[in-house]
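As the structure is a prediction and not an experimental result, all values here were calculated from the model. Each ligand, and each atom within it, is numbered from 1 in the order the structure gives.
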Amino acid sequence: MVKKTSETWLAADRAHCWHPFTDQSLWTAPDHEPLVIERGEGVWLYDSEGRKYLDANSSIWTNIHGHAHPEINAAITAQLELIAHSSYLGFANPRASELAQKLCGLFPENVLPRCFFSDDGSTALEVALKMATQFFQQNGEPQRTKVIAFENAYHGDTLGAASIGGVGRFHHGLRGYESEKLRSFSELEDMDEKKIAAIVIEPKIQGVNEIRLWPEGFLRELRSWCDAQGVLLIFDEVMTGFGRTGKMFASQHEEAWPDFLCLAKGLSGGYLALAATLTTERIYEGFLGPGKTFYYGHSFTGNQLGCAAALASLALFERPGFWTELDEKIALFHKKLHELEKLPEVFSVRQCGLVAGVEFRQSDGGFFKNRGARGLAVCAELRERGILTRPILDTVVLMPPLSITLAELDWLLESFAEVC
Ligand SMILES: *Cc1c(COP(=O)(O)O)cnc(C)c1O
């Protein structure tokens with residue numbers, strides 16, 4: 001048998017693979033050397049040439065406790081000995097029951113007592129959108145069909161989720177939900193609120209919108225507007241969930257609770273594709289009885305391996321000292337990143353918890369002529385130094401796994417400062 005090498009994998013990749021959000025003409029260009037990631041341990045990724053890199057964007061915002069964590073691995077392996085997957089359509093399973101109970105229990109009693117599983121962030125949003133609109137169809141307010149989202153929001157790539165997305169370069173020309181994009185809260189006042197089914201927001205931080213933070217109090221303000229107008233509120237915590245912002249969920253910062261809360265990315269610790277949409281008893285009851293069924297599901301809904309990984313990941317948050325240690329890391333992250341603001345081409349540092357976007361602009365504050373090139377250049381330099389992340393235009397995202405040690409974090413920030 002021929003020994004497989006980086007070159008054999010890359011040849012197969014160039015011949016057969018098609019990568020997400022990727023201009024394949026650049027990907028396959030002769031001067032581009034893609035990394036082939038072969039294994040991971042803690043915050044480190046190892047490529048097929050044996051080189052080691054710090055996973056500074058948590059493998060696209062998914063990883064929480066580091067790679068190959070012994071306890072998450074053990075939970076997956078133990079589950080694998082029993083069964084990998086069985087249909088959730090027509091059957092219950094132990095891990096899904098335990099996980100639903102656990103997730104609902106992370107919120108105050110009776111706030112979000114119902115859990116619907118799916119596979120990804122996008123599907124978690126599809127579930128919330130379909131539940132919200134169907135709820136009104138069959139509960140006496142059929143005119144409520146519109147979904148309001150925010151400009152520059154990102155909620156995923158399936159058609160329904162993409163139709164409420166507000167990132168022009170990704171979402172242009174898609175039709176799905178009848179939706180409007182808000183630039184500001186005050187635009188809500190001009191709308192016919194009787195036609196609105198739901199408002200959807202990424203609480204605390206718009207991730208894909210170059211890591212932008214909402215003002216303090218915004219979630220509570222939205223919640224009270226929705227209550228007054230009878231509109232349902234959807235929180236997309238796909239990125240912000242599971243400790244990234246310094247609390248388990250971003251909604252906890254303001255103790256504002258939605259009617260639907262969407263979780264994915266970090267739910268399984270970032271190990272397997274798993275998502276959940278949590279909702280209220282009121283919504284659940286609106287689907288009881290003949291002709292009211294929620295006709296929605298996927299082949300892998302309630303996947304037992306994914307649920308086992310999620311339970312193990314959640315158990316790690318309960319380790320003594322977890323939140324105090326996280327606070328120390330966040331303090332260091334905050335301090336060292338904000339020191340960069342004095343540099344001439346660092347336009348702004350936007351940070352919350354262990355999530356940050358560092359935006360580069362010309363020293364006069366104007367955009368660089370070739371927008372996005374600086375972001376790519378910084379990330380290329382970081383790669384040379386053994387750090388992997390991706391830019392969003394000229395904003396470089398730093399979002400390490402929560403398990404990063406203070407020493408690793410310090411090294412990451414020192415190295416980052418050198419390339420600013
Ligand atoms: C990543 C992301 C999604 C989409 O999740 P996928 O798992 O990629 O489908 C939705 N919303 C937010 C806020 C995200 O960051």
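Residue Glu202 touches ligand 1 through its side chain alone, judged by heavy-atom distances below 4.0 Å. With a 4.0 Å cut-off on non-hydrogen atoms, Asp120 touches ligand 1 through its backbone as well as its side chain. Residue contacts with ligand 1, taken as heavy atom pairs separated by less than 4.0 Å, involve Ser122 via backbone and side-chain atoms alike. Only the side chain of Trp61 comes within contact range of ligand 1, with a heavy atom under 4.0 Å; no backbone atom does.
Between Tyr46 and Tyr53, the distance from one ring center to the other does not fall under 6.0 angstrom. Side-chain rings of Tyr296 and His298 approach one another, their centers coming within less than 6.0 Å. Note: Phe294 and Phe116 meet the aromatic proximity criterion, with ring centroids under 6.0 Å apart. The distance between the ring centers of Phe150 and Phe218 falls below 6.0 angstrom.
Judged purely by atom type and a 3.5 angstrom limit, Arg350 uses its side chain to pair as donor or acceptor with the backbone of Ile211.
Those atoms of ligand 1 with a heavy atom of Asp236 less than 4.0 angstrom away are 10 (C), 11 (N), 12 (C), 13 (C). Atoms of ligand 1 found under 4.0 Å from any heavy atom of Gly156, numbered from 1 in the order shown, are 4 (C), 10 (C). Distances below 4.0 Å separate heavy atoms of His155 from the following atoms of ligand 1: 10 (C), 11 (N). Taking every non-hydrogen atom of Gly121 and a distance limit under 4.0 Å, the qualifying atoms of ligand 1 come out as 4 (C), 5 (O), 6 (P), 7 (O), 9 (O).
Around atom 14 (C) of ligand 1, the closest heavy atom drawn from Glu237, Met239, Lys265 belongs to Lys265.
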Legend entry - Evaluation steps, side chain to side chain donor-acceptor pair (under 3.5 Å), between Glu193 and Trp225: CA-CA 10 Å; Glu193 65 283 341; Trp225 189 88; over 6 Å; no
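Ala128 approaches Ile234 most closely through the heavy-atom pair CB-CG2, 3.9 Å.
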